[in-house]
Amino acid sequence: MRQISRHLTTLIAAVGVAASLCVLAPTASSTPLPAPVEAPALLPTQDPFYEPPRGYEKRAPGAILRTRQVGLGWRGTDVPITATQILYRSTNNSGGPTSTVTTVISPPGVGPGAPRRLVSYHSFYDALGSQCDPSYTLRGGNMSERPIDLALITGLMAAGYTVAVPDYEGRGLRWTIARESGYAALDGVRAALTQLRAPARTPIALYGYSGGSVPTGFGAELAPAYSPELNIIGAAAGGIPVDPAHNLGYINGKPEWTGVIPALMAVYAETYDIDLAGYLSPKGERILRQVAGECIEQFADEYPGLTDRQLLRPEVGGVLDVPGVRQAISKNVMGTLGTPRVPMMLGVGNSDGIGDGVMVAADVAGLARSYRSRGVPTTFTEYRGQTHTAAFIPWSIEALAFVNDRFAGR
């Protein structure tokens with residue numbers, strides 16, 4: 001994922017961030033700007049703002065628990081934007097209460113109660129540590145990360161959209177876990193609408209690439225039953241991990257992306273209470289310790305040629321042979337949690353005839369066919385010759401056009 005930085009200049013041009021910065025320059029109607037941004041002193045795990053108040057469990061999903069105003073920035077450079085951060089009640093993977101944070105950013109001059117067009121933007125933060133959370137990185141924390149988030153958010157704001165950026169992996173950092181990610185995205189929208197005093201039928205789009213496609217796709221699938229009151233008008237998802245078991249087989253032993261194998265083993269073990277300790281090889285124990293607490297930029301490409309079998313004792317076989325793993329993965333296959341009631345835009349690269357290096361093109365094409373067979377208007381694009389990183393650029397252009405069309409009623 002660190003390769004994305006090589007394409008940043010092209011991406012910024014593609015989404016028109018230069019123009020958006022002009023649009024967002026301070027005006028008489030803009031929110032007063034804070035002092036120059038400094039990296040937050042406290043990580044989310046240390047910051048009292050993230051701790052839910054006593055009795056929050058009794059509140060409804062999406063209820064606001066706490067708010068604050070923050071400035072945004074990157075590497076010590078402030079951006080002429082202020083935001084509201086909201087701690088809100090949500091639902092965890094097992095259906096119990098939890099809480100997380102969304103960062104809500106409004107175009108200048110758009111006040112409370114005004115008509116809105118809201119985009120729930122889902123960062124590809126793929127995290128094992130709270131320093132990766134968008135609510136932290138957007139404020140200038142973890143200074144090597146997330147310039148692209150600011151670029152895309154600024155572009156969306158220049159188009160007139162209010163943007164909500166949820167920490168959709170939650171306090172437990174449940175990376176790729178379907179229900180928790182989808183619930184967090186939908187409840188973040190609920191909290192944002194309440195804070196903005198936005199009209200009940202405010203149109204909403206879901207938007208995310210790579211890890212961000214998880215809350216986008218599953219959010220669209222879960223919304224009809226979980227949040228039927230939300231007026232979601234479309235969802236754009238790219239670089240989609242449709243079936244994690246297929247992704248595992250695809251990246252095993254590759255020169256890139258193999259660091260996601262131990263990272264996801266750790267996430268699934270924690271989320272589904274799978275006891276990995278008795279199955280890990282000495283190498284597996286060492287690598288799982290190394291990736292603990294890291295962001296995907298640190299671990300994705302650190303273990304070229306790694307396979308899941310190397311992480312396990314010889315008699316175990318592969319990670320899918322560990323008791324409980326297949327069952328856990330089956331709960332996180334996109335297309336299985338519900339039928340979206342809104343148009344979908346799906347995209348994926350295909351650089352080697354199979355996929356984009358980490359996502360399987362046939363899986364995404366199959367998801368599009370499944371949605372269409374259920375009556376869901378679905379656009380699917382395969383970016384031929386494009387890797388996961390490179391496909392992000394044409395996908396982001398197409399996704400913005402899709403979002404614009406949906407808000408225009410097309």
Side-chain angles (χ1 to χ4, degrees), residues 1-2 40 42-52 56 65 85-103 120-139 141-142 144-146 149 165-188 208-219 241 244 247 257 259-276 287-300 302 319 325 328-329 331-332:
M1 192 68 73
R2 76 186 71 171
L42 299 174
L43 290 170
T45 49
Q46 304 164 332
D47 189 340
F49 178 80
Y50 292 79
E51 188 65 32
Y56 86 97
L65 306 176
Q85 291 193 327
I86 307 170
L87 178 73
Y88 60 96
R89 196 268 204 198
S90 191
T91 303
N92 64 23
N93 185 60
S94 59
T98 189
S99 64
T100 191
V101 169
T102 189
T103 303
S120 186
Y121 170 83
H122 307 136
S123 170
F124 42 85
Y125 67 109
D126 306 341
L128 299 182
S130 69
Q131 78 277 10
C132 321
D133 288 347
S135 62
Y136 181 73
T137 59
L138 287 172
R139 296 171 57 214
N142 194 13
S144 66
E145 313 302 342
R146 301 280 70 85
D149 285 343
V165 190
D167 293 357
Y168 59 83
E169 293 176 10
R171 301 179 73 199
L173 297 168
R174 300 281 170 79
W175 174 33
T176 75
I177 302 303
R179 291 186 182 277
E180 190 143 350
S181 296
Y183 293 152
L186 297 170
D187 287 328
Y209 189 84
S210 192
S213 71
V214 175
T216 302
F218 287 117
N247 296 101
W257 296 107
V260 304
I261 300 173
L264 287 178
M265 286 171 64
V267 169
Y268 272 79
E270 191 277 332
T271 302
Y272 293 99
D273 197 25
I274 297 170
D275 183 13
L276 279 178
I287 291 180
L288 262 69
R289 283 196 303 269
Q290 289 172 347
V291 301
E294 291 186 337
C295 306
I296 192 168
E297 288 85 352
Q298 281 76 56
F299 61 72
E302 287 301 305
V319 69
V325 169
I329 288 177
K331 298 176 182 178
N332 297 280

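Every value quoted in this text rests on a predicted model; they were computed, and no experiment measured them.
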Q: For Tyr183 and Thr98: C-alpha separation, side-chain torsions, deciding distance, then whether side-chain hydrogen bond (donor to acceptor under 3.5 Å, both in side chains) applies.
A: CA-CA 10 Å; Tyr183 293 152; Thr98 189; over 6 Å; no

Q: Please work out which of the three classes, parallel, tilted or perpendicular, describes the rings of Trp175 and Phe299, given edges at 30° and 60°.
A: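 Tilted.
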
Q: Working to the nearest 0.5 Å, report the span between CD of Glu294 and CG of Asp126.
A: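 Between atom CD of Glu294 and atom CG of Asp126 there are 13.0 Å.
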
Q: Tell me if a side-chain donor or acceptor on Ser213 pairs with a main-chain N or O of Ser210 at a distance below 3.5 Å.
A: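 Yes: the side chain of Ser213 pairs with the backbone of Ser210.
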
Q: Can you tell me how far apart SG (Cys295) and CG (Asp133) are? Round to the nearest 0.5 Å.
A: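 One finds 8.5 Å between SG of Cys295 and CG of Asp133.
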
Q: Could you tell me whether Arg171 and Glu51 have a side-chain N and a carboxylate O separated by less than 4.0 Å?
A: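 A salt bridge links Arg171 with Glu51.
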
Q: So how far is it from Ile177 CD1 to Phe218 CZ, rounded to the nearest 0.5 Å?
A: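 If I round to the nearest 0.5 Å, the distance is 9.5 Å.
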
Q: Backbone N or O of Gly293 within a donor-acceptor pair of the Gln131 side chain at under 3.5 Å?
A: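 At least one qualifying donor-acceptor pair exists.
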
Q: Counting distance only, does the side-chain N/O of Tyr136 pair as donor-acceptor with the main-chain N or O of Leu42 below 3.5 Å?
A: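 Not at all, since once roles are kept as given, no pair shorter than 3.5 Å links the two residues.
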
Q: To the nearest 0.5 Å, what is the distance between CG (Asp167) and OG1 (Thr103)?
A: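 Rounded to the nearest 0.5 Å, the CG-OG1 separation comes out at 6.0 Å.
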
Q: Mind checking the CG-CZ spacing from Leu65 to Phe49? Nearest 0.5 Å is all I need.
A: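 So the CG of Leu65 and the CZ of Phe49 are separated by 9.0 Å.
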
Q: Checking Tyr125 side chain against Thr137 main chain: does a donor-acceptor pair fall under 3.5 Å?
A: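 Judged by distance alone, no pair lies under 3.5 Å.
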
Q: Taking Ser123's backbone N and O only, do any of them form a donor-acceptor pair with Tyr168's side chain (distance below 3.5 Å, no angle check)?
A: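 Looks like yes, one N/O pair under 3.5 Å.
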
Q: Going from CG on Leu276 to CG on Leu288, what distance comes out if it is rounded to the nearest 0.5 angstrom?
A: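 Interatomic distance, Leu276 CG to Leu288 CG, rounded to 0.5 Å: 7.0 Å.
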
